[in-house]
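Heads up, the thing below is written out as structure tokens.
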Amino acid sequence: MTGMRPTRQAGTRPTALVLTGGGARAAYQVGVLLAITRLAGKQRRYNPFPIICGTSAGAINAVGLACRADNFGKAAGTLANFWRNMQASDIYRADPIGVGASGARWLSALAFGWLIGRPPRSLLDNSPLRTLLERHMDFSGIDRAIANGALQAISIAASGYETGENINFFQGHDAAAPWHRAQRIGMRTQLKVDHLLASSAIPFIFPATRINREYFGDGSMRQIAPLSPAIHLGAERLLVIGATRASEQRERAHVDDYPSLAQIAGHALSSIFLDGLAVDIERVERINRTLAAIPEDLRSNAGIKLRPIATLVIAPSEKIDRIAAEHASALPWPIRTLLGGIGAMNRHGGALTSYLLFEKPFTRRLIDLGYADTLARAGEVGDFLEL
């Protein structure tokens, strides 16, 4: 609602929402957001996250919220409708001709690469995603939300293929300042569809997107500090929505079969999307413990500018790989054929499948899971967000 100004969190520590990457796994985030609107009750119009940071598919959710930040409940509902009715063909070409052409280019490159002047850019053609985003995202809403005080800043991460730097493109109020750290930069800009396409360009699977002078790919690549953008933008509390089961560990077992290409690819993508977040959360908690042991006046006199950061992580209570394997048959048959050839359609290939399974049975299952996981921690979430 234009002209609405936040009052409920006046004087409290700024809270950021951090939405991680993970392809189709990002549907889980929507369930969490829906549960938060329920916990907010009559205050569901108010945006509890003045700072929003997104990476990869999480960037799409972040912009969806930011564009309608002056009515958080409506923004979450719109995202839910977006994900509940999703099909793979909305994200990438899944028709026989499109998939066949892509496969033929790769086979030709492998067999006759020396004859081909222009090698294939990606496994799949994600041109439908551009059309979808242009239809659903009203980027002008970001400026309106910032102007009326419903939003302080939004940041979208992407990785530069030339420089190797992780760039956080942000849009925010005048006080939000750019930053430059080792291999990571905060750059002020006007966000557009190209930023979302770049941030969600899963390596090898989707093509890179050119922004200004450089081609960019998925923001999860080389993202050594996923929580950093939110902190640079002024957040003192972080609600982080993860894309894998918390503290997920598997028992070592004797294995005879060589891992399939899908299993190896899924393992590689998991290292890109998931591992950095766990390390960064541990780092923040360690800094918090250190700061707690130093009196505040001593920190001030010593010029220590670090500040304690409260974090709350909500992550799936079930294994996403297993859920993906159960719903893999929902993929269009050309994609099933393509993925089946590299072993992605069996239980060991569920990780790779989970990133590409943009189909209703899977996305709705994850939305329901995110909703239930959040309500199961209603008291903790309510206290953290002061709902």
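Along the sequence shown, residues carry numbers from 1. Computed from a predicted model, the values in this text were never measured in an experiment.
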**OP:** Decide whether Arg222 and Ser159 meet the rule of one side-chain donor and one side-chain acceptor closer than 3.5 Å.
**Re:** no
Original post:
Which residue pairs pass the side chain to side chain donor-acceptor pair (under 3.5 Å) test with at least one member in residues 281-291, sequence neighbours excluded?
Top reply: Asp280-Arg283
**OP:** Mind checking side chain to side chain donor-acceptor pair (under 3.5 Å) for Asp373 and listing every partner two or more places apart, or none if nothing turns up?
**Re:** Tyr28, Ser317
Subject >> Side-chain donor or acceptor of Asn166 paired with backbone N/O of Gly219 under 3.5 Å >> reply: yes
Subject >> Set of side chain to side chain donor-acceptor pair (under 3.5 Å) partners for Arg365, sequence neighbours left out >> reply: Glu318
Subject >> Arg44 side chain to Gly41 backbone, donor-acceptor under 3.5 Å >> reply: yes
Original post:
For Arg336, what residues pass the side chain to side chain donor-acceptor pair (under 3.5 Å) criterion, not counting sequence neighbours?
Top reply: none
Distance-only donor-acceptor pairs under 3.5 Å for side chains of residues 72-84, two or more places apart:
| from | atom 1 | to | atom 2 | distance (Å) |
| --- | --- | --- | --- | --- |
| Thr78 | OG1 | Lys74 | O | 2.9 |
| Asn81 | OD1 | Asn85 | ND2 | 3.0 |
| Trp83 | NE1 | Asn61 | OD1 | 2.7 |
| Arg84 | NH2 | Asp368 | OD1 | 3.4 |

Subject >> side chain to side chain donor-acceptor pair (under 3.5 Å) partners for Asn168, two or more places apart >> reply: none
Original post:
Between Arg237 and Phe384, is there a donor-acceptor pair closer than 3.5 Å when you use the side chain of the first and the backbone of the second?
Top reply: yes
Original post:
Would you find a donor on one side and an acceptor on the other, under 3.5 Å apart, between the side chain of Arg144 and the backbone of Asp70?
Top reply: no
**OP:** Kindly check if the number of other-residue, nucleotide or ligand heavy atoms within 6.0 Å of CZ (Arg377) is above 12?
**Re:** yes
Subject >> Exercise: do Arg184 and Ser228 side chains pair donor with acceptor under 3.5 Å >> reply: yes
Original post:
Between Asp218 and Gln223, does any side-chain donor sit less than 3.5 Å from a side-chain acceptor?
Top reply: no
Subject >> Side-chain (Gln29) to main-chain (Thr20) donor-acceptor, under 3.5 angstrom >> reply: yes
**OP:** Could you tell me whether Asp194 and Arg130 have a side-chain N and a carboxylate O separated by less than 4.0 Å?
**Re:** yes
